[in-house]
Novice: 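Below you'll find the structure I mean.
So you know, we letter chains A, B, ... as the sequences are listed, proteins then strands, and number each from 1.
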Amino acid sequence: MTEKTWYVTTPIYYPSDNLHIGHAYTTVAADALARFHRLKGEEVWFVTGTDEHGQKISQKAHETGVSPKEFVDKIVGFIQNPLWQSLGISYDRFIRTTDWDHKRVVQSIFENLWERGDIYKGEYEGWYCLPDETFWTESKLVDGNCPDCGRPVERVKQASYFFKMSRYQDRMIQHILDHPDFIQPSSRRNEMLSFLEAGLEDLSISRTGLDWGIEVPNDPEHVIYVWFDALSNYLTAAGYLTEPERFARVWPPDVQLVGKEIVRFHTIIWPIMLMALDLPLPRRVFGHGWLLIGDTKMSKSRGNAVDPIALTKTYGVDAVRYYLLREVPFGADGSYTEDALRLLFNVDLANDLGNLLSRSTAMIDRFGQGVIPGPHPFGPLDRHLPQLAAEIYEQVDQAMSQLLISDAIGQIYRLIRAANKYIEDRAPWNLAKDPARQEELDNVLYNLAETLRVVSVLLSPFLIETPEKIRRQLGMDQPVQSYREAIYGAFQGGERIRRGEPLFPRLDLREGATAEPGAPEPAQKSADMSQANYISLDDFKKVELKVGTIRQAEAVKGADRLLKLTVFDGERERTVVSGIKAHYDPQTLVGQQVVLVANLKPVLLRGILSEGMLLAGSAGQQLSIVAPSSRLPEGARVK
RNA sequence: GGCGGCGUAGCUCAGCUGGCUAGAGCACACGGUUCAUACCCGUGAUGUCGGUGGUUCGAGUCCACCCGCCGCUACCA
């Protein structure tokens with residue numbers, strides 16, 4: 001019986017634009033896990049890829065005057081190389097939802113579920129945004145308009161296929177309860193449980209009027225809708241239906257990394273799909289946080305997206321990987337700043353690790369004529385490093401099995417720091433002055449070489465070039481093959497080293513726009529941040545505030561706190577739904593003047609289109625409508 | 001509004017089922033060292049463990065309420 005292949009996935013990314021460092025973060029993390037398991041001797045199947053269907057891609061392609069396929073081919077090519085290439089991403093399969101086998105898998109899943117009665121054809125009724133060609137549920141609308149583009153929507157009924165998720169609700173809850181590790185971190189688990197307990201609706205999984213997608217079998221008017229298509233990629237990539245032998249070894253996924261914004265799809269819809277197919281569920285779905293730029297969300301529209309390729313060019317692959325894996329707490333949101341990267345580069349990579357190699361090889365050169373001495377019986381001071389190395393061997397393993405990548409690296413650094421301290425404690429330069437202490441000196445040099453060799457093994461899942469560089473300087477030519485090489489004692493003595501260039505030349509942190517590591521930095525930073533909280537006068541002018549008069553007011557039936565108001569704004573009467581029922585009697589409001597936010601996106605509240613909002617101040621339990629202190633004509637601009 | 005989480009040194013955070021003088025990394029200061037990439041090693045915190053009250057022989061660790069922040073959700077707009 002062969003051991004199960006260790007299967008890890010990243011989300012498949014949407015190639016409508018170039019990816020940024022947030023995507024790199026997830027993918028590098030998955031890569032480190034994959035490399036670690038390979039090093040442990042396990043068969044690994046590491047999959048990443050792209051989610052290529054959908055309206056937006058099709059639209060973008062037409063704008064550029066190419067076919068959707070040509071459009072995505074180009075971007076996907078870029079993602080594979082140079083993007084993932086430059087970060088050393090060692091995926092075993094790059095899946096594209098436009099791959100032939102994926103189409104086949106999605107269609108057979110559809111047919112399969114149809115035959116079982118888990119898919120039925122019904123009518124989808126919702127609000128449709130014509131320009132976006134997108135359906136929205138009432139609750140998603142923003143002031144009755146499309147939440148994406150703000151344009152009005154219309155009520156449309158459309159034939160659609162539905163996936164009977166509701167049928168699996170209880171089983172899903174039970175599965176989460178029975179498998180505490182299924183959703184991680186646990187905060188996400190609680191959220192999903194409360195979401196499930198609120199009740200599941202069947203999921204509409206097809207659309208008509210879309211051309212760029214996988215067709216519903218025997219009903220080519222319909223195209224299978226995004227999530228159903230996208231989530232199936234994890235099955236396709238494992239060889240479901242097309243490579244049965246592989247699938248038997250690979251399935252189910254051991255770890256699926258996802259961003260926190262898509263945890264719900266991966267921990268509810270996705271497992272229910274698998275339940276319906278009678279397939280085992282993934283063992284762990286890990287919802288990590290976002291990598292923020294400073295303290296704001298990264299996005300293309302904000303123009304603050306960081307290009308990972310540029311970073312690797314400036315600092316090298318390993319510095320970027322190290323930063324992502326070490327600095328960002330896996331789970332919570334992390335914050336990216338280039339200053340932090342540079343600081344970490346100097347402190348951890350140059351000072352602690354690079355300098356350790358540099359000073360160790362220098363001493364082997366000088367005191368040992370370039371040859372690692374054979375060890376002699378250890379004195380008490382020499383036993384610490386081997387013991388620590390053995391302990392850390394276990395600790396790293398343990399941390400990695402819990403996906404605590406940053407902690408694993410932290411453990412390796414305990415060993416690196418201990419080696420630096422050991423040099424200080426033993427002061428080899430003093431031992432070298434006394435011929436009677438030659439054996440002690442030999443042991444020190446040996447321990448340093450051996451510790452560095454162990455470090456090169458331990459670091460190899462995380463860093464690409466550095467382990468090789470360390471080994472070359474230690475005189476080793478073969479790359480790391482197995483985690484067991486991290487067991488202390490492989491050097492016999494007699495190996496000739498080859499001193500080389502510094503691993504990570506220190507950066508001058510004072511130069512350029514990057515702050516120096518002293519007091520000026522926080523000051524500068526806080527100034528920037530407070531500035532970020534200002535809006536310009538132009539920003540404010542975007543808000544159109546007008547005086548209006550309430551002409552009618554009534555409670556919204558079935559709502560505890562909503563009033564439906566009819567407000568005259570000088571041009572027309574508009575309906576505004578406001579959550580002030582607890583504070584105002586509808587009767588007393590008629591005739592009251594208010595300040596209206598006139599250009600707010602309409603939104604549907606409790607089935608009523610609310611076209612604007614009225615200003616009110618609140619403090620704790622108190623709430624009071626804001627009104628001009630004397631009567632003004634309706635429509636008067638407030639500014 | 002509901003559910004959940006968080007609030008511990010200047011910064012980022014550890015502190016499990018309550019128990020000796022509350023920890024780590026970074027930053028900062030001082031001292032040491034010279035093999036090394038102006039590096040490394042050591043020493044240093046008066047931290048009201050968000051606030052108040054309670055349970056207990058004893059609470060950062062449990063309970064209640066309050067304040068602040070965050071996530072999900074909802075009839076927020």
Side-chain angles (χ1 to χ4, degrees), chain A residues 138-139 141-144 185-198 260-261 263-264 287 289-290 326-329 332-335 340 343-344 346-368 406-407 410 413-414 416-432 441 444-445 448 499 501-508 516-519 521-522 525 555-564 576-582 596-597 600-608 610-616 618 620:
Chain A
E138 282 191 4
S139 57
L141 295 183
V142 177
D143 266 344
S186 55
S187 52
R188 302 286 161 212
R189 181 170 174 265
N190 296 334
E191 287 173 9
M192 290 310 112
L193 276 174
S194 58
F195 182 84
L196 276 167
E197 274 150 18
K260 66 181 184 185
E261 75 284 6
V263 168
R264 197 158 93 202
W290 287 330
R326 173 69 169 139
E327 184 84 340
V328 184
D333 285 351
S335 160
L343 187 63
L344 202 66
N346 270 5
V347 170
D348 280 10
L349 297 176
N351 294 353
D352 283 356
L353 175 59
N355 186 48
L356 175 64
L357 178 71
S358 179
R359 64 198 304 212
S360 300
T361 53
M363 285 190 286
I364 293 171
D365 246 9
R366 185 152 152 190
F367 305 133
S406 179
D407 287 6
Y413 265 79
R414 282 177 63 209
I416 293 169
R417 294 202 180 92
N420 274 321
K421 181 167 160 48
Y422 175 66
I423 295 176
E424 216 65 35
D425 291 343
R426 298 302 274 140
W429 49 92
N430 287 337
L431 298 176
L441 176 62
V444 174
L445 300 182
L448 290 175
R499 287 199 72 190
E501 295 299 305
L503 291 178
F504 299 96
R506 275 177 68 82
L507 303 168
D508 183 355
E516 60 181 272
E521 191 207 352
K525 202 172 171 188
V556 174
K557 55 183 179 303
D560 294 340
R561 43 182 35 228
L562 295 184
L563 290 183
K564 178 185 172 187
V576 174
V577 178
S578 188
I580 55 171
K581 184 175 167 187
L596 199 61
V597 182
L600 197 65
K601 279 186 195 171
V603 66
L604 205 66
L605 293 172
R606 207 60 188 175
I608 300 164
S610 178
E611 310 161 288
M613 148 178 157
L614 50 88
L615 296 188
S618 69

Novice: Which value, in whole Å, describes the distance between the P atoms of nucleotides B:G47 and B:U8?
Specialist: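 Pairwise P distance, B:G47 against B:U8, rounds to 15 Å.
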
Novice: Distance check, rounded to the nearest 0.5 Å: A:Leu357 atom CG versus A:Leu503 atom CG?
Specialist: 5.0 Å

Novice: Which atom names give the shortest non-hydrogen contact between A:Ala350 and A:Phe504, and what distance separates them?
Specialist: CB-O, 3.1 Å

Novice: Anything under 3.5 Å between a protein N or O and an N or O of nucleotides 4-7 of chain B, put it in a table, one pair a line.
Specialist:
unit_1, atom_1, unit_2, atom_2, d
B:G4, O2', A:Asn190, ND2, 3.4

Novice: Tell me what A:Ala350 touches on the nucleic acid: a base, only sugar-phosphate, or nothing, going by heavy atoms under 4.0 Å.
Specialist: base

Novice: First locate atom CG of A:Leu353, then atom CG of A:Asp348, and finally report the distance between them rounded to the nearest 0.5 Å.
Specialist: 9.0 Å

Novice: Using whole Å, report how far OH of A:Tyr422 lies from C1' of B:A36.
Specialist: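 Going from OH in A:Tyr422 over to C1' in B:A36 covers 17 Å.
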
Novice: What is the distance from CE of A:Met363 to P of B:U37, rounded to the nearest Å?
Specialist: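 Distance, rounded to whole Å: 11 Å.
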
Novice: When you measure from the side chain of A:Asn420, which nucleotide among B:G71, B:C40, B:C26 comes out closest?
Specialist: B:C40

Novice: A:Arg414 has an atom CZ; how far is it from atom C1' of B:A24, in whole Å?
Specialist: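 That distance rounds to 11 Å.
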
Novice: Please report the shortest heavy-atom distance between A:Arg417 and A:Asp352, naming the atom on each side.
Specialist: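 A:Arg417 and A:Asp352 have their closest heavy atoms at NE-OD2, 3.4 Å.
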
Novice: Can you tell which of B:A27, B:C35, B:U37 lies closest to the side chain of A:Leu343?
Specialist: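 Of all the options, the side chain of A:Leu343 is nearest to B:A27.
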
Novice: Rounding to the closest angstrom, what is the interatomic distance between B:G42 and B:U61 at atom P?
Specialist: 33 Å

Novice: Between B:U37, B:C3, B:C35, which one does the side chain of A:Ser194 approach most closely?
Specialist: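 Of the candidates, B:C3 comes closest.
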
Novice: CD of A:Glu501: more than 12 outside heavy atoms within 6.0 angstrom?
Specialist: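 Atom CD in A:Glu501 is not packed in, count stays at 12 or less.
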
Novice: A:Pro428 near the nucleic acid: base, sugar-phosphate alone, or nothing, with a heavy-atom cut-off under 4.0 Å?
Specialist: nothing

Novice: Using a cut-off of 4.0 Å on non-hydrogen atoms, how would the nucleic acid contact of A:Arg426 be classed: base, sugar-phosphate, or nothing?
Specialist: nothing

Novice: Check A:Val444 against A:Pro428 and note the closest heavy-atom contact, atom names and distance.
Specialist: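 Taking A:Val444 first and A:Pro428 second, the nearest heavy atoms are CG1-CG, 3.7 Å.
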
Novice: Compare the minimum distances between each of B:A36, B:C40, B:C41 and the side chain of A:Asp352, then state the nucleotide with the smallest one.
Specialist: B:C40

Novice: Under 3.5 Å for both distances, Watson-Crick or G-U wobble, that's the pair rule; now give the dot-bracket for RNA chain B, with | marking pairs to another strand and [ ] for crossing ones.
Specialist: (((((((..((((.....[...)))).(((((.......))))).....(((((..]....))))))))))))....

Novice: What heavy-atom pair brings A:Ser358 and A:Thr361 nearest, and what distance separates the two atoms?
Specialist: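 Taking A:Ser358 first and A:Thr361 second, the nearest heavy atoms are O-OG1, 3.2 Å.
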
Novice: Quantified in whole Å, what is the C1' atom distance between nucleotide B:U73 and nucleotide B:C57?
Specialist: 45 Å

Novice: All N/O contacts under 3.5 Å from nucleotides 32-34 of chain B to the protein, with atom names and distances to one decimal?
Specialist:
unit_1, atom_1, unit_2, atom_2, d
B:G32, N2, A:Glu424, OE2, 3.3

Novice: If the condition is side-chain contact (heavy atoms from CB on, under 4.5 Å), which residues does A:Ala362 pass it with, not counting sequence neighbours?
Specialist: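 Testing A:Ala362 for side-chain contact (heavy atoms from CB on, under 4.5 Å), a comparison that skips the adjacent residues, returns A:Arg499.
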
Novice: Using the P atoms only, state how far B:G50 lies from B:C11, rounded to an integer number of Å.
Specialist: 14 Å

Novice: Any side-chain to backbone donor/acceptor pair from A:Asn346 onto A:Leu507? Under 3.5 Å, distance only.
Specialist: yes

Novice: Roughly how far apart, to the nearest Å, are B:C66 and B:G58 at atom P?
Specialist: 26 Å

Novice: Expressed as a whole number of angstroms, how long is the span from A:Leu349:CG to B:G25:C1'?
Specialist: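 For the pair A:Leu349 CG and B:G25 C1', the rounded distance is 15 Å.
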
Novice: If you measure from the C1' atom in B:U46 to the same atom in B:C40, how many Å do you get, rounded?
Specialist: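 About 30 Å, rounded to a whole number of Å.
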
Novice: Check every atom of B:C35, B:C3, B:C26 against the side chain of A:Arg359 and return the nucleotide holding the closest atom.
Specialist: B:C35

Novice: Looking only at atom C1', what distance separates B:U56 and B:C63, rounded to whole Å?
Specialist: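 Approximately 12 Å lies between the C1' atom of B:U56 and that of B:C63.
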
Novice: Once you round it to whole Å, what is the distance between C1' of B:C41 and CG of A:Asn351?
Specialist: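 Atom CG in A:Asn351 sits about 13 Å away from atom C1' in B:C41.
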
Novice: What nucleic acid atoms does A:Leu356 come within less than 4.0 Å of, heavy atoms only: base, sugar-phosphate, or nothing?
Specialist: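 Here A:Leu356 touches no strand at all.
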
Novice: Tell me: NZ of A:Lys564 to C1' of B:C76, nearest whole Å?
Specialist: 19 Å

Novice: To the nearest 0.5 Å, what is the distance between CD1 (A:Ile423) and CG (A:Leu356)?
Specialist: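 Interatomic distance, A:Ile423 CD1 to A:Leu356 CG, rounded to 0.5 Å: 5.5 Å.
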
Novice: Which listed nucleotide (B:A27, B:U37, B:C72) is nearest to the side chain of A:Arg264?
Specialist: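 Nearest to the side chain of A:Arg264 among the choices is B:C72.
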
Novice: If the C1' atom of B:G19 is compared with that of B:A24, how far apart are they to the nearest Å?
Specialist: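 It comes out at 22 Å once rounded to the nearest Å.
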
Novice: If you find the nucleotide of RNA chain B closest to A:Pro502 and the one closest to A:Asp348, which residue's nucleotide is nearer the 5' end?
Specialist: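 Upstream on the strand: A:Asp348.
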
Novice: Looking across every strand, which nucleic acid part, if any, lies under 4.0 Å from A:Phe504 by heavy atom: base, sugar-phosphate, or nothing?
Specialist: base

Novice: Could you note down all residue pairs passing salt bridge (charged side-chain N to carboxylate O under 4.0 Å, His left out) where residues 357-368 of chain A supplies at least one of them, sequence neighbours left out?
Specialist: A:Arg359-A:Glu424

Novice: For the CD atom of A:Glu191 and the NZ atom of A:Lys260, what is their distance to the nearest 0.5 Å?
Specialist: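 Here the interatomic distance stands at 9.0 Å.
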
Novice: Run the side chain to side chain contact (heavy atoms under 4.5 Å, CB included) test on A:Arg189 and A:Met192 for me, step by step, so that the C-alpha distance in whole Å, both residues' side-chain angles and the decisive distance to 0.1 Å come before the verdict.
Specialist: CA-CA 5 Å; A:Arg189 181 170 174 265; A:Met192 290 310 112; 6.0 Å; no

Novice: Can you tell me the distance, in whole Å, between the CG atom of A:Leu357 and the C1' atom of B:C40?
Specialist: 15 Å

Novice: Distance check needed: B:C35 C1' versus A:Phe367 CZ, whole Å only.
Specialist: 6 Å

Novice: Establish, with yes or no, whether the OP1 or OP2 oxygen of B:G42 is under 4.0 angstrom from a side-chain nitrogen or oxygen of A:Lys421.
Specialist: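 Indeed, a polar side-chain atom of A:Lys421 lies that close.
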
Novice: With sequence neighbours left out, write down each residue that passes side-chain contact (heavy atoms from CB on, under 4.5 Å) with A:Asn190, or none if nothing qualifies.
Specialist: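 By the side-chain contact (heavy atoms from CB on, under 4.5 Å) rule, A:Asn190 matches no residue at all.
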
